[in-house]
Enquirer: 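Let me give you the structure first, and then I'll get to my questions.
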2 protein chains.
Amino acid sequence: MGAEQAETIAPMLKALADPVRLRLMSMVMSREGAEACVCELLPAFELSQPTISHHLKVLHDAGLVEREKRGVWVYYRARPEAIAALGSLFDSVLAPA
Amino acid sequence: MGAEQAETIAPMLKALADPVRLRLMSMVMSREGAEACVCELLPAFELSQPTISHHLKVLHDAGLVEREKRGVWVYYRARPEAIAALGSLFDSVLAPA
DNA sequence: ATCGGATATCGACATGCGTCGATATTGACA
DNA sequence: TGTCAATATCGACGCATGTCGATATCCGAT
């Protein structure tokens, strides 16, 4: 794996490398249509609302999820391209030779 | 995915979530027997020897690689259990529902 | 016994990260 | 228009991280 490729993928892994964000991503992916409202995610954590909002922003900035506002609610949806990119990472780098 | 599982896996992802460590892991995996001597890894980076040693320690502490000293040289080898654990993460969490 | 090369550890520095409370913004609805 | 509820942004705090130079450790060879 080249240096540029590593520089590209590392930020996505970094975004995922936090227990809260891992669970958030898992919750989003496991919902119908791979999307979830913030109001569904908040009660699952004993963290403040700004903290969850911050973590969702980190996932969004890394390109792992996309935001959609519907009325007062905001829905986060997994981005399949990003998931696929991570999958190919595992195939190319972490698969046994 | 449960909170405990997230707390278990996040540190492994964190260890991988750095461009230098991603490349180190990739280089180790791509060698015969999935092992590489530090002396083979060092020249690939424009970083000091202590810095590379530090990154290898991070990978080791996360359980991703194991150390073996042979004479003056130290070999790092990928731990298949850890790789498998990460693979199952992708299956269970990031696979499309 | 000593020297030299390979690797690890230490101490320090700047930067980044997770968290919070306080506040701003947005939109539905009376 | 005004209020309330949902979400984001801001500023601050303590702690972790990536990097380095200096030094220690270990081991083979002379």
Side-chain angles (χ1 to χ4, degrees), chain A residues 3-4 6-28 31 35-78, chain B residues 3-4 6-28 31 35-78:
Chain A
E4 329 73 37
E7 300 277 352
T8 302
I9 295 187
M12 296 177 59
L13 284 176
K14 203 167 217 168
L16 227 42
D18 177 275
V20 174
R21 292 196 291 268
L22 253 189
R23 288 174 62 199
L24 282 171
M25 200 68 194
S26 167
M27 292 175 72
V28 168
R31 289 289 192 295
E35 77 172 17
C37 174
V38 176
C39 60
E40 299 176 284
L41 303 171
L42 267 180
F45 300 87
E46 295 189 349
L47 291 170
S48 71
Q49 174 267 322
T51 295
I52 297 298
S53 189
H54 161 72
H55 283 302
L56 287 169
K57 177 173 166 48
V58 171
L59 290 174
H60 184 258
D61 289 351
L64 290 167
V65 297
E66 52 194 3
R67 273 172 47 93
E68 186 186 349
K69 197 159 188 173
R70 292 211 285 271
V72 184
W73 298 278
V74 174
Y75 289 79
Y76 281 87
R77 187 165 37 241
Chain B
E4 329 72 35
E7 299 278 352
T8 302
I9 295 189
M12 297 178 58
L13 284 177
K14 204 168 218 170
L16 270 180
D18 176 277
V20 173
R21 292 196 290 268
L22 254 189
R23 289 174 62 199
L24 282 171
M25 201 67 194
S26 167
M27 292 175 70
V28 167
R31 289 286 193 296
E35 77 172 17
C37 174
V38 177
C39 60
E40 301 176 282
L41 302 171
L42 267 180
F45 300 87
E46 295 189 349
L47 291 171
S48 73
Q49 174 268 321
T51 295
I52 297 299
S53 189
H54 162 71
H55 284 301
L56 287 169
K57 177 173 166 50
V58 172
L59 289 173
H60 183 258
D61 289 351
L64 290 168
V65 298
E66 52 193 3
R67 275 171 47 95
E68 187 187 347
K69 197 162 189 174
R70 293 213 284 272
V72 185
W73 297 278
V74 174
Y75 288 79
Y76 281 87
R77 187 168 34 244

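None of these values were measured; they are calculated from a predicted model. Lettering of chains follows the sequences in order, A, B, ..., and the numbering in each one begins at 1. Both backbone and side-chain heavy atoms feed into the values below; hydrogens, waters and symmetry mates do not.
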Enquirer: Under 4.0 Å, heavy atoms only, any strand: does B:Phe45 hit a base, just the sugar-phosphate, or nothing?
Expert: nothing
Enquirer: Roughly, in whole Å, what's the span from CD1 in B:Ile52 to P in C:dA8?
Expert: 11 Å
Enquirer: Please name the pair of heavy atoms, one in B:Ala15 and one in B:Leu64, separated by the smallest distance, quoted to 0.1 Å.
Expert: CB-CD1, 3.9 Å
Enquirer: For C:dA8, does OP1 or OP2 lie under 4.0 Å from any side-chain N or O of B:Arg67?
Expert: yes
Enquirer: Does B:Thr51 have a side-chain nitrogen or oxygen under 4.0 Å from the phosphate oxygens OP1 or OP2 of D:dG18?
Expert: no
Enquirer: Think B:His55 has a side-chain N or O under 4.0 angstrom from the OP1 or OP2 of D:dT19?
Expert: yes
Enquirer: From the set D:dC20, C:dT9, C:dA8, return the single nucleotide nearest to any side-chain atom of B:Val74.
Expert: C:dA8
Enquirer: How long is the line joining NE2 of B:His54 and C1' of D:dT17, in whole Å?
Expert: 7 Å
Enquirer: Expressed in angstrom and rounded to an integer, what is the separation of B:Leu47 atom CG from C:dT7 atom C1'?
Expert: 16 Å
Enquirer: Quick one: is A:Arg70 getting a side-chain N or O under 4.0 Å of the D:dA6 phosphate, OP1 or OP2?
Expert: no
Enquirer: Between B:Ser48 and D:dC20, is there a side-chain N or O to OP1/OP2 distance below 4.0 Å?
Expert: yes
Enquirer: If I take atom CG from residue B:Leu59 and atom CE from residue B:Met12, how far apart are they, to the nearest 0.5 angstrom?
Expert: 10.5 Å
Enquirer: In whole angstrom, what separates B:Leu56's CG from D:dT17's P?
Expert: 16 Å
Enquirer: Just N and O in the side chain of A:Tyr75: are any of them under 4.0 Å from OP1 or OP2 of D:dT7?
Expert: no
Enquirer: How long is the line joining CD of A:Glu40 and P of D:dA5, in whole Å?
Expert: 20 Å
Enquirer: Rounded to whole Å, how long is the line connecting atom NZ of B:Lys57 with atom P of C:dT9?
Expert: 6 Å
Enquirer: In whole angstrom, give the distance that lies between atom CD of A:Glu68 and atom C1' of C:dG27.
Expert: 15 Å
Enquirer: Over all heavy atoms of both residues, which pair between A:Glu40 and A:Pro43 is shortest? Give the atoms and the distance, please.
Expert: O-CD, 3.5 Å
Enquirer: Over how many whole Å does the gap from A:Asp18 atom CG to C:dC17 atom C1' extend?
Expert: 9 Å
Enquirer: Can a salt bridge be assigned to the pair B:Glu35 and B:Arg67 using a cut-off of 4.0 Å between side-chain N and carboxylate O?
Expert: no
Enquirer: By nearest nucleotide on DNA chain C, pick out whichever of A:Arg21 and B:Cys39 is the more 5' one.
Expert: B:Cys39
Enquirer: Is a donor-acceptor contact shorter than 3.5 angstrom present between the side chain of A:Gln49 and the base of D:dA8?
Expert: yes
